[in-house]
Amino acid sequence: KNEVEQSPQNLTAQEGEFITINCSYSVGISALHWLQQHPGGGIVSLFMLSSGKKKHGRLIATINIQEKHSSLHITASHPRDSAVYICAVRSRIAGNMLTFGGGTRLMVKP
Amino acid sequence: EAQVTQNPRYLITVTGKKLTVTCSQNMNHEYMSWYRQDPGLGLRQIYYSMNVEVTDKGDVPEGYKVSRKEKRNFPLILESPSPNQTSLYFCASSFVGGTANQPQHFGDGTRLSIL
């Protein structure tokens with residue numbers, strides 16, 4: 001069983017829809033990262049969370065440490081949000097290693 | 001401009017021919033890391049460094065070497081490349097804050113093909 005599971009693997013939405021991507025993990029963590037990988041391949045760090053909730057523009061990330069679960073929400077989605085979204089965790093017992101989820105491929109249609 | 005620079009961006013080479021992928025950052029970050037990305041396997045960490053002269057293995061270190069002689073540079077060395085090291089490689093860096101967890105800045109990636 002992977003330590004980090006994301007769902008869904010693929011998601012197609014219409015422009016303007018509210019989108020939720022989920023990340024579940026099985027180990028105690030010190031932090032969780034959300035990354036965005038554009039179709040061209042470049043990776044951008046969106047959020048780093050250790051508790052609670054963070055917001056940046058139309059993006060919101062939440063984490064529930066007790067339930068070992070995080071969500072990334074996109075409000076008023078736009079075609080330029082089309083990308084692969086990747087969750088990564090830093091395990092408390094694995095030092096400073098990062099373990100990645102398999103990614104969620106999002107396509108937003110106009 | 002704050003950035004992580006990887007070179008080369010693309011390389012096709014042959015089995016056994018030593019190669020080095022360079023990574024340089026201009027943000028005075030302590031933490032640097034190398035990842036590889038493969039279809040169906042996602043991103044996996046190869047090696048990371050918490051500061052100069054401090055390096056540690058990640059998930060998939062076999063066949064790779066790294067060094068951190070200067071804060072800004074973290075080269076990835078393939079002493080004897082093999083076809084299973086054909087992959088897309090990313091270098092990343094970040095500060096090491098009080099929680100040792102800071103957002104990472106990624107390079108543009110290096111696509112390696114080993115024949």
Among the options Leu46(A), Val44(A), Ile43(A), pick out the one with the most heavy-atom pairs lying under 4.5 Å from chain B.
Ile43(A)
Among residues 55-78 of chain B, which ones touch chain A with a heavy-atom distance under 4.5 Å?
Lys57(B), Gly58(B), Asp59(B)
Indicate every side-chain donor-acceptor pair of residues 97-110 of chain A with a distance under 3.5 Å to a residue at least two apart or in another chain.
unit_1	atom_1	unit_2	atom_2	d
Thr104(A)	OG1	Gln6(A)	NE2	3.3
Thr104(A)	OG1	Pro8(A)	O	2.6

Taking atom types as modelled, is there a side-chain donor on Ser87(B) or Asp38(B) under 3.5 Å from an acceptor on the other?
yes
Ring-face cation of Arg90(A) near Tyr48(B) (centre distance under 6.0 Å, axis angle within 45°)
no
Side-chain touch His73(A)/Thr62(A), heavy atoms, less than 4.5 angstrom
yes
Applying side-chain contact (heavy atoms from CB on, under 4.5 Å), name anything that partners Arg9(B), two or more places apart in sequence or on another chain.
Asp108(B)
Result block: side-chain N/O donor-acceptor pairs under 3.5 angstrom for residues 35-42 of chain A, not counting sequence neighbours:
unit_1	atom_1	unit_2	atom_2	d
Gln36(A)	OE1	His38(A)	NE2	3.1
Gln36(A)	NE2	Tyr85(A)	OH	3.0
Gln37(A)	OE1	Gln37(B)	NE2	2.8
Gln37(A)	NE2	Gly41(A)	O	2.9
Gln37(A)	NE2	Gln37(B)	OE1	2.9

